[in-house]
Amino acid sequence: MSVPSKYKGQPIEELISEGYYDPETRTVHAITGPELHVRSRDWQVEGILRMLFHVLDPMVAKDPKNLIVYGGTGKAARSWDDFEAIVNTLLTMDSDDTMVIQSGQPVAVFKTDLRAPRVVMSNAMLVPKWADWSYFWELEKRGLISFHQMTAGCWAYIGTQGVLQGTYETVGAAAERAYGSLEGRLYVSAGLGNMGGAQPLAAKMLGGVALIADVDKRMIDRMIQTGYLDTWTDDIDKAIDMALEAKRSRTPTSIGVLANAVDLLERLVKENVVPDVLSDQTPAHDPLSYVPEGMSVEEAARLRSQDPERYIQLAKQTMKRHVQLMLELQARGAVTFEYGNNLRKQAYDAGLTEAFKIPGQMEFMRPLFEEGRGPFRWTSLMGDPNDIYKLDDVLLQLFGRNQRLARWITAAHKYVKFQGLPARVVYLGYGERALFGKVVSQMVRRGELSGPIWFGRDHLDAGSVASPYRETEGMLDGSDAIGDWPILNYALNTAVGATWTCFHHGGGTGIGYAIHAGFGMVVDGTELAEQKAIRVFTVDPGMGVVRHAHAGYPRSLAVAREKGVRIPIMKMLEEKSRRVIEEAKKEGRISDYTYQRVKKDLEEYESKKGNYSPPFNT
């Protein structure tokens, strides 16, 4: 394509001429193929460039014209000028340079070391006293900061598939506890954006029927186009009838309804249609992104622009009603949970004191986190789907005994359509990630894959997040709001040489409610990249094990002993575990189910202590 005169002679000119970036329409496309574009001819830098372009591809990003990848307003860069500056810098960096990014803006490049990250970034960080949305928005208007969610700012988003397995695991665990499985059961929720859009397919993959509301027809259309949603209607009664008929016939399917969440839930309450499982994935973390009851998307956009304070007031009142209806359906028998979008806290702040009678998703996900398991993900940087399918087979060969993992891989292979660069996400734990990374590195080196593979993970993770209304809700020792852990995770991943490392504020639950760390690692077949990858894939899940061991979870203590995770105060933590389990129960911080589960884990740990090696401090 023709290159505007402004860009002639700039490093980015080649990418414009090849059609990967159109500065006039602000269109970005994922870069594929064997040709390297960076001057360093280094895949450690080229991989970063490709992941940045990938997250802004129209098939991936929610609102790419405005640099928004997902999650309300989660951006990949602060502005288009900043995007172009980042790209020009990547194209001209040396292999021992490190670019520094502050809230989506490149602020410096320093000469570091081949083993150091090529990019380090911090996004949306505020001093705690000032960490709220109102102050953030004030700074954002002045061009001093921007919001980057989790994987949007870290250039680690892989489309709706990225949250699909987390949704699959959470909804599946909730249904298994109550019914044995989701087969023949009705799952009701709202939100079909880039995160919530995973819900209908997750429920279908689990054998259930999904009925999901969304006010934005564009999101419904997109989920149908990508295969995440089967059908839709703008008639709530028809949608309910379709869902009940599918439930009666035990036909796994998904139905979208063009409606506000409140409108759908009110009709269910009125008709006494009780979902088997009930949740929500609207963008409640950001009240300016949540559409108030009675408004179209267009009307909401006008009010948001003209009177944001009035908009927020109306949004919070709708959230209050939203949670009231969820509580009513919960009382009638629906297994109900919040998926970590801070809906309960918004309703609580609006005056609904009972909001937290609804549990968070960690009630079901915590056991995975205790083992250091989390949403490990990868893409083919060449853009070859066969790379992903080959690695699916490798996963089944290495970890096929894990029935949950094998079931997921089989289902994902069948149902998931790729967006942008072909990708996969799998919950792998401590030891498994390092082994898989080494195998992949050797396959790249031998030419068994088309080229390098990027690895990263979501931030719905065991050891890289502090989020008291999501990932760290209801910790055994009450350490929900301790923020040291994600900082330590970020420091460790930087120390061992991840290709790039990221630290963020506010993703998932909003400004003031969470801090979290991420990384990207390019496995290019070189010995150096392999060494670094093995270390990254060890310390990252290792911090999940350590974080939970320090909170007193017996299962984490057992994993640490069995896998040889060195914890200097192991005896202290064993004593702490016995104490905090009872304290958490007495103080009402954990459910009866969780109490019985961790008590059983403690008994099993104590019975096997003689088989474990001595603590490292003895």
Quiz item: Between Thr526 and Trp43, does a side chain to side chain contact (heavy atoms under 4.5 Å, CB included) hold up when you go through it step by step?
Solution: CA-CA 10 Å; Thr526 65; Trp43 273 105; over 6 Å; no
Short question: side chain of [X], backbone of [Y] - any donor-acceptor pair under 3.5 Å?
X: Arg555; Y: Glu371; answer: no
X: Ser189; Y: Ser279; answer: yes
X: Arg50; Y: Leu381; answer: yes
X: Asp94; Y: Asp96; answer: no
X: His285; Y: Gln149; answer: no
X: Ser464; Y: Gly518; answer: no
X: Trp500; Y: Cys154; answer: yes
X: Arg457; Y: Tyr427; answer: no
X: Glu46; Y: Val38; answer: yes
X: His148; Y: Asn123; answer: no

Quiz item: Knowing that exactly one of Met362, Glu169, His516 qualifies, which makes a side chain to side chain contact (heavy atoms under 4.5 Å, CB included) with Leu460?
Solution: Met362
Quiz item: Knowing that exactly one of Ile68, Val69, Thr27 qualifies, which makes a side chain to side chain contact (heavy atoms under 4.5 Å, CB included) with Leu56?
Solution: Val69
Considering all heavy atoms, the nearest [X]-[Y] contact:
X: Ala517; Y: Asn489; answer: CB-OD1, 3.6 Å
X: Ala529; Y: Gln44; answer: CB-NE2, 3.7 Å
X: Thr92; Y: Pro11; answer: CG2-CG, 3.6 Å
X: Val465; Y: Thr472; answer: O-CG2, 3.3 Å
X: Thr170; Y: Gly166; answer: OG1-O, 2.7 Å
X: Arg373; Y: Ala462; answer: O-CB, 4.2 Å

Parallel, tilted or perpendicular for [X] and [Y], by the 30°/60° rule?
X: His548; Y: Tyr553; answer: tilted
X: Phe83; Y: Tyr21; answer: perpendicular
X: Tyr70; Y: Tyr157; answer: parallel
X: Trp378; Y: Phe376; answer: perpendicular

Return the [atom1] to [atom2] distance between [X] and [Y], rounded to the nearest 0.5 Å.
X: Ser441; Y: Lys532; atom1: OG; atom2: NZ; result: 12.0 Å
X: Phe147; Y: Asp286; atom1: CZ; atom2: CG; result: 6.5 Å
X: Leu52; Y: Asp57; atom1: CG; atom2: CG; result: 11.5 Å
X: Ile86; Y: Leu91; atom1: CD1; atom2: CG; result: 12.0 Å
X: Asp458; Y: Leu164; atom1: CG; atom2: CG; result: 12.0 Å

Practice problem: Assess whether ring pair (Phe, Tyr, Trp, His ring centres under 6.0 Å) is satisfied between Phe136 and Tyr513, documenting all intermediate values. | Solution: CA-CA 13 Å; Phe136 174 86; Tyr513 293 103; over 10 Å; no
Quiz prompt | His550 vs Trp485, ring pair (Phe, Tyr, Trp, His ring centres under 6.0 Å): CA-CA, chis, key distance, verdict | solution = CA-CA 11 Å; His550 277 255; Trp485 299 102; 5.5 Å; yes
For [X], I'd like to know if atom [atom1] has over 12 heavy atoms of other residues, nucleotides or ligands within 6.0 Å.
X: Arg218; atom1: CZ; result: no
X: Lys129; atom1: NZ; result: no
X: Phe110; atom1: CZ; result: no
X: Lys438; atom1: NZ; result: no

Practice problem: Any chance you could lay out the side chain to side chain contact (heavy atoms under 4.5 Å, CB included) test for Asp461 and Glu471, step after step, and finish with the verdict? | Solution: CA-CA 7 Å; Asp461 182 59; Glu471 287 86 353; 6.0 Å; no
Would you mind reporting whether [Y] and [X] have side-chain heavy atoms less than 4.5 Å apart?
X: Pro486; Y: His459; value: no
X: Pro106; Y: Asp82; value: yes
X: Thr73; Y: Leu288; value: no
X: Ile31; Y: His37; value: yes
X: Val394; Y: Met443; value: yes

Quiz item: For Thr98 and Val120, what are the C-alpha separation, side-chain angles and deciding distance, and is it a side chain to side chain contact (heavy atoms under 4.5 Å, CB included)?
Solution: CA-CA 7 Å; Thr98 295; Val120 294; 4.1 Å; yes
Quiz item: Taking the six-membered ring where the residue is Trp, are the ring centres of Phe53 and Tyr20 under 6.0 Å apart?
Solution: no
Quiz item: Using a distance-only test with no angle check, is there a side-chain donor-acceptor pair under 3.5 angstrom linking Ser79 and Asp81?
Solution: no
Quiz item: Distance only, no hydrogens: is a donor on one side chain within 3.5 Å (strictly under) of an acceptor on the other, for Asn493 and Thr501?
Solution: no
Exercise. Go through the steps to decide whether Arg424 and Ile158 satisfy the test side chain to side chain contact (heavy atoms under 4.5 Å, CB included), and finish with yes or no.
Key: CA-CA 8 Å; Arg424 184 69 77 224; Ile158 58 171; over 6 Å; no
Quiz prompt | Qualifying residues under side chain to side chain donor-acceptor pair (under 3.5 Å), relative to Asp113, sequence neighbours excluded | solution = none
Self-check item: Pairs involving residues 37-85, ordered by first then second residue, that meet disulfide (SG to SG under 2.5 Å) (sequence neighbours left out)
Solution: none
Quiz prompt | Trace of the salt bridge (charged side-chain N to carboxylate O under 4.0 Å, His left out) decision for Arg344 with Glu473 | solution = CA-CA 12 Å; Arg344 295 169 300 167; Glu473 179 176 358; 2.7 Å; yes
Practice problem: Give the intermediate values and the outcome of side chain to side chain donor-acceptor pair (under 3.5 Å) for residues Arg377 and Gln161. | Solution: CA-CA 10 Å; Arg377 55 179 61 178; Gln161 180 190 178; over 6 Å; no
Practice problem: Inspect the contact between Arg26 and Glu84 and indicate whether a charged nitrogen and a carboxylate oxygen are less than 4.0 angstrom apart. | Solution: yes
Exercise. Can you sort out the partners of Met93 under side chain to side chain contact (heavy atoms under 4.5 Å, CB included), two or more places apart, ordered by chain and number?
Key: Thr89, Leu90, Asp97, Met99, Arg118
